[in-house]
K.L.:
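Shown below is the structure under consideration.
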Amino acid sequence: MTLSRRQLLRAGLSGALLAPFAGPLRAAGTDARVLVLGGGFAGATAARALARWSPRTRVTLVTAPGGYWTCPFSNTAVAGLESVDDLAVDYGPLGRTPGLELIRAQVVALDPVTRRATLDDGRVLGADRVVVAPGVDLDHRSIDGWNDAAEARFPAAWEAGPATTELRRRLEAVPDGGLVIITAPDNPYRCPPGPYERASLMAWWLQQHRPRARLVILDAKDSFTKDALFKAAWAARYPNLSWLGRADGATLRRVDAAAGTVHTDFDDYAPDLACVIPPQRAGSLARDAGLDGGRGWCPVEPRAFESTVTPGIHVLGDAAIANPMPKSAFAANSQGKACAAALAWLIEGRPAPDPVLMNTCYSLVAPDAGIAIAASYGIRNGALVSLDGTTGVSPLPTDARPDVETVRGAEARAARGWYRSIVRDAFG
Amino acid sequence: MRVRVGIASLLLPVLLAGCAGTADSGTAASGAAAGLPGRTERLAAACDGCHGPGGRGSGAVPALAGRSATLLAARLNAWRTSDDVHGADQVMVRFAHGLSADDVDALASHYARQAAEAPPARPGATR
C-alpha cells in the first residue's frame with residue numbers, strides 16, 4: 001500500500017505541508033527500507049523500536065566502528081566513582097536484533113534528496129526513509145586563540161570515553177590549593193545540566209582530596225536548568241565552588257594554550273585545569289546534507305521528527321530543534337520511539353499518531369544526592385509544547401518532605417536505576 | 001502512602017483492557033488491527049525509558065511487569081490527582097499529570113499482563 005497525499009495531509013506532517021511532496025513511502029508490493037545513521041541513544045532506539053513495531057521493514061543502522069561510551073554518568077567517572085569502562089556500550093545485542101542490520105562504518109556523505117548514504121567502505125545505501133541522528137559537533141569559532149594545542153590543554157570531554165579518562169587524569173593532577181575552571185556555553189547545547197553536575201562531582205572529589213582547591217564555573221548565560229537546586233547544593237556542600245554568569249562578565253572570549261590561560265569579558269584566569277565546554281551545533285553529517293538550513297541545528301516537525309528542510313529525512317536527538325525538549329539521552333530515546341512509531345504507521349499507509357514524548361534529567365550533586373527535572377510533551381496548534389502540569393523539578397531543601405537528604409538520596413538511587421534501564425532500552 | 005481503592009477501580013482495568021489506544025482520535029482501531037503500536041504501547045515504551053525494557057525495573061526504579069493492575073492504577077491515579085511535588089516521587093507526579101484516566105487503566109492492564117521475569121532478549125522476537 002502506498003501513502004497518498006491525502007493521507008499525508010491527514011497525518012499532519014508539516015514536512016509534507018511545507019516542503020515538496022516526498023512521494024510514496026515505499027513502492028507498491030515491496031517492503032519498506034529505513035536507514036538509520038548514528039547509533040547513539042536516538043538512532044539505536046529508533047532502529048530497535050522500528051524493527052519491533054514494523055517487522056517487515058528492512059531496518060539498517062549504521063554506526064561508527066570503534067568504541068562508544070555513554071555521556072550519561074560520564075561525570076561519575078570524572079570523579080572516580082565509576083570506571084570509564086562501565087560506560088562502554090556493547091553493540092552485540094543490536095547486531096543480533098531480528099529485522100535489524102547493523103553496519104559498523106563511517107558515513108562519509110548523505111544525499112538527502114535521493115536518500116542515499118555513502119559509507120567509508122565504498123558502499124552506497126538507499127532507503128525509503130532516512131533517520132539521521134549524528135549528535136553534536138563542538139564549535140570553537142567564538143573562542144579566540146582556539147587551536148589544536150588548546151584542544152589538548154582545555155579538554156571538554158563532551159564525548160565520553162578516552163576523553164573522560166583524560167579529564168579524570170587531569171583532575172587528579174590538580175595540586176591542593178589549585179584552581180579548576182569549567183566554562184559552560186550559552187544555550188542550546190548537549191545535556192543542559194551536564195556542566196553543573198560535572199562541577200558538583202569534581203568539587204566533591206576536590207573536597208576529599210584537594211581540600212584547599214577552588215572550582216569556578218564561568219557561564220555564558222545568567223540562568224541554567226535546575227539552577228536553584230544546584231546553587232542550594234553548592235552552598236550547603238561546596239564552599240570552594242563559585243559560579244559566575246554572563247552578567248558577571250564570565251562569557252569565555254579567548255584562550256592562550258601556550259600560557260594555559262583563559263579570558264572572559266572581565267577577567268583573566270591561570271587555572272591548573274580548565275575544562276572548556278564550548279558552543280555546539282548539529283553533527284557534520286546533518287549540516288553537510290543541508291538539514292540545518294544554515295542554522296546549525298535541524299528543524300523538524302514534531303510528530304515523526306521529519307525534516308522541514310528535506311522531506312523523507314528524519315532528524316533525532318541532539319541535532320534536532322525539538323524545543324522545549326532538552327538535548328538529553330532520555331529525550332533522544334523518547335524521540336527515537338516516537339519516530340519509529342510514526343514510521344510504522346506511515347509504512348502501513350496510515351496517518352502517524354500523536355507522539356508520546358517524555359524526558360527526565362537526573363543530575364548528581366554528590367555521589368548520594370540527586371536532583372531531577374521531568375516533563376511530558378505533546379503537540380498543540382502544530383507546535384511541540386510541555387503538557388500542562390507535567391513540568392517540574394525536585395523540591396528545594398526547605399520544601400522537601402520528609403527532608404532534603406531523604407529526597408536527594410532517593411533521586412540519586414533513581415538516577416542509577418534510570419541509567420541501567422535506558423542503556424538496555426536503547427542498546428538491548 | 002495510603003490509597004483507597006473502590007470496587008469501580010477494581011473493575012475498570014478489566015473493562016478497559018481491550019480498548020487500548022482509543023485516544024488515537026479514531027485511527028487506533030485500524031492501527032491495532034494491523035499490529036501497529038497504539039497509544040498504550042507508545043506510552044509504555046516511554047515508561048520503559050526509566051523502568052527498563054518490558055517494565056522489568058532496574059535497581060531503585062521498580063519493576064512494573066506482572067504487578068497487579070489494581071495496584072498500578074491506584075498508584076498512578078493517586079499521583080495524577082496529587083499536587084504534592086515535595087517528595088521523592090515528584091517525577092511520577094509530573095508524568096501522571098500527562099495521563100488520562102483511560103491511559104492509567106490501559107497502562108495498568110498492559111504491565112499486569114507482562115511477564116515479570118521475561119527473558120531479556122530480543123526485540124522483534126516478541127511479536
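If you're wondering where the values come from, they're calculated on a predicted model, not measured in any experiment. Letters go in sequence order (proteins before strands), and every chain restarts at 1.
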K.L.:
So which of A:A374, A:G370, A:G392, A:G99 has the biggest tally of heavy-atom pairs under 4.5 Å with chain B?
P.N.:
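Winner by heavy-atom pair count: A:G392.
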K.L.:
Among the options A:I422, A:D399, A:T406, pick out the one with the most heavy-atom pairs lying under 4.5 Å from chain B.
P.N.:
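Highest number of pairs under 4.5 Å: A:D399.
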K.L.:
Write down the atom of A:W418, the atom of B:V61, and the distance for their closest heavy-atom approach.
P.N.:
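So the two residues come closest at N-CG2, 3.6 Å.
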K.L.:
Would you mind reporting whether B:L43 and A:M358 have side-chain heavy atoms less than 4.5 Å apart?
P.N.:
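When only atoms from C-beta onward are counted, B:L43 and A:M358 do touch, with a gap below 4.5 Å.
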K.L.:
Using 0.5 Å steps for rounding, measure from the CZ atom of B:R42 to the CH2 atom of A:W53.
P.N.:
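Answer for the CZ-CH2 pair, B:R42 versus A:W53, is 8.0 Å.
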K.L.:
Below 4.5 Å from any heavy atom of chain B, which atoms of A:D403 appear? Answer side chain, backbone, both or neither.
P.N.:
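No part of A:D403 comes within 4.5 Å of chain B.
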K.L.:
Contact part of A:N333 toward chain B, heavy-atom cut-off under 4.5 Å: side chain, backbone, both or neither?
P.N.:
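Only the side chain of A:N333 comes within 4.5 Å of chain B.
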K.L.:
Contact part of A:V393 toward chain B, heavy-atom cut-off under 4.5 Å: side chain, backbone, both or neither?
P.N.:
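Interface part for A:V393: backbone (N, CA, C, O).
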K.L.:
Which distance, rounded to the nearest 0.5 Å, do you find between the CZ of B:R56 and the OG of A:S421?
P.N.:
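Answer rounded to 0.5 Å: 10.0 Å.
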K.L.:
Answer with side chain, backbone, both or neither: which region of A:T391 has an atom nearer than 4.5 Å to a non-hydrogen atom of chain B?
P.N.:
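Only the backbone of A:T391 comes within 4.5 Å of chain B.
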K.L.:
So what's closer than 4.5 Å to chain B heavy atoms on A:Y419: side chain, backbone, both or neither?
P.N.:
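Neither the backbone nor the side chain of A:Y419 comes within 4.5 Å of chain B.
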K.L.:
Taking the side chain as every heavy atom from C-beta outward, state whether B:L36 and A:E348 have any atom pair closer than 4.5 Å.
P.N.:
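B:L36 vs A:E348: side chains touch.
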K.L.:
Carefully, step by step, assess A:R424 and B:S58 under the rule side chain to side chain donor-acceptor pair (under 3.5 Å).
P.N.:
CA-CA 10 Å; A:R424 282 190 288 138; B:S58 291; 2.5 Å; yes
K.L.:
Looking at A:S394, A:S334, A:A341, which makes the most heavy-atom pairs under 4.5 Å with chain B?
P.N.:
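So the answer, after comparing A:S394, A:S334, A:A341, is A:S394.
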K.L.:
Using side-chain heavy atoms (C-beta onward) and a distance below 4.5 Å, is A:L396 in contact with B:H86?
P.N.:
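Heavy-atom side-chain distance check fails, nothing below 4.5 Å.
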K.L.:
Going from OG1 on A:T45 to CG on B:D48, what distance comes out if it is rounded to the nearest 0.5 angstrom?
P.N.:
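That separation rounds to 11.5 Å.
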K.L.:
Just wondering, are more than 12 heavy atoms of other shown residues or ligands nearer than 6.0 Å to CG in A:D388?
P.N.:
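Count not over threshold, so no.
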K.L.:
Are the side chain of A:W345 and the backbone of B:P37 linked by a donor-acceptor contact shorter than 3.5 Å?
P.N.:
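Such a contact is found between A:W345 side chain and B:P37 backbone.
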K.L.:
Please look at A:R401 and chain B and tell me whether the side chain, the backbone, both or neither of the residue comes under 4.5 angstrom of a heavy atom of that chain.
P.N.:
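When you check distances to chain B, atoms from both the backbone and side chain of A:R401 fall under 4.5 Å.
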K.L.:
Does A:P395 reach the side chain of B:Q90, with side-chain heavy atoms less than 4.5 Å apart?
P.N.:
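Touching, per the 4.5 Å side-chain cut-off.
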K.L.:
Just verifying a value: how many Å separate A:L387 CG and B:F95 CZ, rounded to the nearest 0.5 Å?
P.N.:
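A:L387 CG to B:F95 CZ: 10.5 Å, rounded to 0.5 Å.
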K.L.:
Considering only heavy atoms, which portion of A:A375 lies under 4.5 Å from any heavy atom of chain B: side chain, backbone, both, or neither?
P.N.:
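Only the backbone of A:A375 comes within 4.5 Å of chain B.
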K.L.:
Taking all non-hydrogen atoms of both residues, which atom of B:A46 and which atom of A:F330 are closest, and how far apart?
P.N.:
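Scanning both residues completely, I find the closest heavy atoms to be O-CZ, 4.1 Å.
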